Amino acid sequence: MGWGKGDVDKKFVNTDLTGLDYAKDFKLTDHNGKPRTLADFKGKLVLIFFGYTQCPDVCPTTMVEMANVMQKLGPDAEKTQVLFATIDPERDTQALLAAYVPNFDARFLGLYGDAAATAQVAKDFKVYYQKVPGKTPDSYTMDHTAGTYVFDQQGRIRLFLRHGQGPDPIVHDLKLLLAKAS
């Protein structure tokens with residue numbers, strides 16, 4: 001299989017997690033009420049970000065960045081699924097996720113579970129999250145890991161995307177994964 005470009009273009013810009021033995025699956029519900037696992041998206045690249053809808057900065061900027069990635073992917077966006085998994089099941093209800101997540105791109109899915117399911121998925125994915133009390137019981141924020149995991153079309157973990165890098169390095173890496181699959 002020829003790449004058509006120099007060897008430099010074959011390297012991932014983001015952190016290569018190929019072969020690591022974690023983040024193998026999840027059991028959450030999407031914002032349409034459908035139970036989901038990683039296998040539901042076989043045949044597509046899967047990008048999963050852990051965040052919460054009340055986030056003042058990292059989460060909305062990540063979602064905008066992912067929307068820009070999908071736009072820059074063009075037809076390859078149809079081979080890509082972006083998932084937003086909440087780390088705030090106390091406030092992020094199915095209805096709230098259904099209103100929030102598709103605003104960035106109609107193809108994006110919000111995922112949620114109860115507190116135990118959220119904790120299990122976060123542990124499996126080595127995602128840090130912690131409630132930070134606010135002035136009122138409902139005004140808390142959540143500290144959390146600010147990166148996105150990428151899985152290839154066979155459901156294997158491949159990359160960790162750093163927050164705030166802009167869409168171009170992400171598009172570069174996703175196109176490499178798509179080229180390897182063809």
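Computed from a predicted model, the values in this text were never measured in an experiment.
Within the model, atoms CZ of Phe151 and CG of Leu177 stand 12.0 Å from one another, a figure rounded to the nearest 0.5 Å. Between the CG atom in Leu174 and the CG atom in Leu45 there is a gap of 5.5 Å [rounded to 0.5 Å]. Between the CZ atom of Phe160 and the CG atom of Asp173 there is a distance of 13.0 Å, given to the nearest 0.5 Å. To the nearest 0.5 Å, atom CG of residue Leu73 and atom NZ of residue Lys175 are 5.5 Å apart.
Put simply, the side chain of Leu38 does not reach to within 4.5 Å of the side chain of Lys24, judged on heavy atoms. The closest side-chain heavy-atom distance from Val82 to Val69 is not below 4.5 Å. Residues Lys72 and Asp168 form a side-chain contact, since some pair of their non-hydrogen atoms from C-beta on lies under 4.5 Å apart. You'll find the side chain of Leu176 reaches within 4.5 Å of the side chain of Phe12, heavy atoms only.
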List the atom pairs, donor and acceptor, that lie under 3.5 Å between side-chain atoms in residues 59-68 and the rest of the protein, sequence neighbours left out.
{"unit_1": "Thr61", "atom_1": "OG1", "unit_2": "Asp57", "atom_2": "O", "d": "2.9"}
{"unit_1": "Thr61", "atom_1": "OG1", "unit_2": "Val58", "atom_2": "O", "d": "3.0"}
{"unit_1": "Thr62", "atom_1": "OG1", "unit_2": "Val58", "atom_2": "O", "d": "2.8"}
{"unit_1": "Thr62", "atom_1": "OG1", "unit_2": "His163", "atom_2": "ND1", "d": "3.0"}
{"unit_1": "Glu65", "atom_1": "OE2", "unit_2": "Gln165", "atom_2": "N", "d": "3.3"}
{"unit_1": "Glu65", "atom_1": "OE2", "unit_2": "Gly166", "atom_2": "N", "d": "2.6"}
{"unit_1": "Asn68", "atom_1": "ND2", "unit_2": "Val64", "atom_2": "O", "d": "3.4"}

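Linking Ile, Leu, Val, Met, Phe, Trp and Tyr residues whenever their side-chain heavy atoms come within less than 4.5 Å leaves Leu17 and Tyr128 in two separate clusters. Linking Ile, Leu, Val, Met, Phe, Trp and Tyr whenever their side-chain heavy atoms come within less than 4.5 Å puts Leu111 and Tyr149 in one cluster. No continuous path of hydrophobic side-chain contacts links Leu96 to Tyr140 [ILVMFWY only; heavy atoms under 4.5 Å].
Sequence neighbours left out, the pairs with a member in residues 124-148 that pass salt bridge (charged side-chain N to carboxylate O under 4.0 Å, His left out) are Glu90-Lys131. Sorted by first and then second residue, the pairs that involve residues 34-51 and meet side-chain hydrogen bond (donor to acceptor under 3.5 Å, both in side chains), not counting sequence neighbours, are Asp30-Arg36. The ring-ring contact (aromatic ring centres under 6.0 Å, His included) analysis of residues 18-38, with sequence neighbours excluded, yields no pairs.
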- Thr86 vs Leu97, side chain to side chain contact (heavy atoms under 4.5 Å, CB included): CA-CA, chis, key distance, verdict: CA-CA 8 Å; Thr86 184; Leu97 287 167; 4.2 Å; yes
- Message: The test is side chain to side chain contact (heavy atoms under 4.5 Å, CB included); show your working for Leu109 and Phe41 and say whether it passes.
- Response: CA-CA 11 Å; Leu109 287 174; Phe41 307 103; 3.9 Å; yes
- Task: Kindly indicate, with the supporting measurements, whether the criterion side chain to side chain contact (heavy atoms under 4.5 Å, CB included) is fulfilled by Leu47 and Phe49.
- Result: CA-CA 7 Å; Leu47 287 71; Phe49 174 76; over 6 Å; no
- Are Met70 and Thr80 close enough, and set up right, to give a side chain to side chain contact (heavy atoms under 4.5 Å, CB included), and what steps lead you there? CA-CA 8 Å; Met70 294 294 273; Thr80 307; 3.9 Å; yes
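Surrounding CD of Gln71 are at most 12 heavy atoms belonging to other residues, nucleotides or ligands under 6.0 Å away.
Between Thr118 and Gly113, the closest heavy-atom pair is OG1-O, 3.4 Å. Listed here is the closest heavy atom pair of Leu28 and Ala85: CD1-CB, 4.2 Å. Contact between Phe108 and Val101 at its shortest, heavy atoms only, is CB-CG1, 3.5 Å. The two residues Lys27 and Ala117 come nearest to each other via the heavy atoms O-CB, 4.5 Å. The heavy-atom pair separating Ile87 from Met142 by the smallest distance is O-CE, 3.1 Å. Between Val13 and Pro169 the shortest heavy-atom distance is CG1-CB, 3.7 Å.
Each of Thr18, Val150, Thr148 was checked for a side-chain contact (heavy atoms from CB on, under 4.5 Å) with Leu159, and the lone residue meeting it is Val150.
In this structure Tyr112 satisfies the ring-ring contact (aromatic ring centres under 6.0 Å, His included) test with no other residue, sequence neighbours excluded. Partners of Tyr129 under the ring-ring contact (aromatic ring centres under 6.0 Å, His included) rule, at least two apart in sequence or in another chain, do not exist in this structure.
Aromatic pair Tyr100/Phe84: centroids less than 6.0 angstrom apart.
Without hydrogens or angle criteria, Asp92 side chain to Tyr52 main chain gives no donor-acceptor distance under 3.5 Å.
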